[in-house]
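Order of the sequence lines fixes the chain letters, A, B, ..., with proteins taken first and strands second; residue numbering starts at 1 for each chain.
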Protein chains: 2
Amino acid sequence: MSTKNVSRESILAAATRLFHLQGYHGTGLNQILKESGAPKGSLYYHFPEGKEQLAIEAVQAMAIYIENDIKTYLRYDVDVMTAFQEHIRHIAEQFNNTDELDGVPIGLMAAETSLISEPLRKACQAAFEGWELLYAKRLIEAGYDPASAQKLGIVINSMIEGAITRSLTNKNGEPLQLIAEYIPILLKK
Amino acid sequence: MSTKNVSRESILAAATRLFHLQGYHGTGLNQILKESGAPKGSLYYHFPEGKEQLAIEAVQAMAIYIENDIKTYLRYDVDVMTAFQEHIRHIAEQFNNTDELDGVPIGLMAAETSLISEPLRKACQAAFEGWELLYAKRLIEAGYDPASAQKLGIVINSMIEGAITRSLTNKNGEPLQLIAEYIPILLKK
DNA sequence: GTCTATAGAAAGATAGAC
DNA sequence: GTCTATCTTTCTATAGAC
């Protein structure tokens with residue numbers, strides 16, 4: 001069981017990194033196997049439904065990774081505006097050392113696959129909604145009414161995903177820094 | 001010359017539509033040719049540098065299409081907040097009749113290609129900056145100082161691109177409607 | 001259970017007839 | 001200039017040895 005998990009986990013780790021950087025269609029199974037060091041046969045043993053199953057699990061893995069990041073930054077013992085700003089600036093930092101991109105969220109996968117695979121679309125939707133729920137909870141805790149907090153969660157998540165695309169295109173984190181700068185205006189009661 | 005243009009334009013029109021809906025890697029040249037009705041030979045006659053050149057021209061065509069849409073909605077004779085809201089709600093409408101998606105901006109292409117093709121990345125960057133310039137100009141005309149207007153242009157563009165991804169995932173335009181709802185808060189002086 | 005070899009389809013690109 | 005036929009590579013997926 002331990003060897004099985006090592007092989008499976010290494011394939012999933014490589015898939016998670018590559019899918020989110022290069023996209024679903026831009027990443028070949030051969031590349032995932034080469035990076036993970038596993039042979040092709042074991043991919044279809046561990047992921048019998050092939051590429052689609054691997055992508056769904058990669059989205060779920062990325063969802064948990066980002067959820068932990070959100071929980072780290074949105075602690076209840078810091079000011080809510082500062083917390084959101086530091087969360088966003090933490091994402092922005094990745095775009096300055098442009099080679100070591102990692103943990104880029106699922107926007108690319110979501111846009112690519114929403115029209116072609118219902119299971120993948122639902123996995124992306126669940127990831128987005130999970131993050132938005134964490135945002136909303138933190139806002140409610142800070143005194144916003146639940147209806148507004150839910151809306152703001154979706155708005156903030158959309159802003160972040162869009163600014164990531166914009167930062168990728170600019171090859172720097174400035175768009176994300178700008179989003180962080182305007183958080184206080186958006187959250188002003 | 002007229003026949004040449006007809007063939008070239010029909011290939012470019014199909015490429016523009018398909019690239020922006022399905023992405024760069026998700027769209028094959030065969031599919032573009034099938035939809036345009038042109039044979040494969042003429043693609044490489046009109047676009048000697050192949051798929052990359054076709055994608056660059058498709059991004060530029062989409063940039064102009066969106067620019068005209070922005071100019072239509074951001075007229076100087078309507079209130080600036082209302083103008084931005086109607087511009088965004090016009091995009092949102094497309095996501096309600098989910099089958100006739102058309103004119104979805106370049107976010108997917110930008111995220112897919114920024115790391116693999118410098119010419120394509122620059123084409124996407126130029127498109128984004130063109131739209132942001134129009135946003136900023138309209139804000140300056142409405143009395144915002146130029147520095148704030150430029151920043152807001154980038155923030156608004158990022159919000160729209162992110163909300164499009166989010167709307168694609170939800171299969172409805174609600175995230176875009178929410179962005180429109182929060183425009184007055186963002187633009188409050 | 002793990003891995004190699006390969007099938008079968010589709011990708012982008014090109015050569016050359018007309 | 002326009003089009004057809006084909007090349008090479010790469011893709012996902014599978015069969016079967018061990």
Exercise. Could you state the atom-to-atom distance from CD1 of B/Ile11 to P of C/dA13 in whole Å?
Key: 14 Å
Practice problem: Identify which nucleotide among C/dG1, C/dA11, C/dC3 has an atom closest to any side-chain atom of A/Pro39, counting heavy atoms from C-beta outward. | Solution: C/dC3
Quiz item: If only side-chain N and O atoms of B/Tyr44 are considered, is one of them under 4.0 Å from the OP1 or OP2 phosphate oxygen of C/dA13?
Solution: yes
Practice problem: Give one of base, sugar-phosphate or nothing for A/Asn30, where a contact means two heavy atoms less than 4.0 Å apart. | Solution: base
Quiz item: When the distance from CZ of B/Phe19 to C1' of C/dA11 is rounded to whole Å, what number comes out?
Solution: 13 Å
Quiz item: Hey, does the side chain of B/His25 come within less than 4.0 Å of D/dC11's phosphate (OP1/OP2), counting only N and O?
Solution: no
Quiz prompt | A/Arg8 CZ to C/dG1 P, straight-line distance once rounded to whole Å | solution = 14 Å
Exercise. Would you kindly give the OH-to-P distance between B/Tyr45 and C/dT14, to the nearest whole Å?
Key: 17 Å
Quiz item: If you draw a 6.0 Å radius around CD in B/Glu132, do more than 12 non-hydrogen atoms from other residues or ligands fall strictly inside?
Solution: yes
Self-check item: Atom-pair distance (CG on B/Leu33; C1' on C/dA13), nearest Å
Solution: 12 Å
Exercise. Mind calculating the distance between CD (B/Glu49) and P (C/dT14) to the nearest angstrom?
Key: 11 Å
Quiz item: From the list D/dC11, C/dA13, C/dG1, which nucleotide is the closest neighbour of the side chain of B/Lys51?
Solution: C/dA13
Self-check item: Distance-only polar pair, side chains of A/Tyr65 and A/His20, donor-acceptor under 3.5 Å
Solution: no
Quiz prompt | Distance, rounded to the nearest Å, where B/His46 contributes NE2 and D/dC3 contributes C1' | solution = 11 Å
Quiz prompt | 5′-ward residue of the pair A/Gln31/B/Ala38 relative to DNA chain D | solution = B/Ala38
Quiz item: More than 12 heavy atoms of other residues, nucleotides or ligands under 6.0 Å from CD of B/Glu129: is that the case?
Solution: yes
Quiz prompt | Listed nucleotide nearest any side-chain atom of B/Lys40, set C/dT2, D/dT12, C/dA13 | solution = C/dA13
Quiz prompt | Rounded distance (Å) that lies between atom P of C/dA11 and atom CG of B/Leu54 | solution = 15 Å
Quiz item: Under the 6.0 Å and 45° cation-pi test, does B/Lys151 pair with A/Tyr182?
Solution: no
Self-check item: Test: B/Arg138 cationic atom under 6.0 Å from B/Tyr144 six-membered ring centre, within 45° of axis
Solution: no
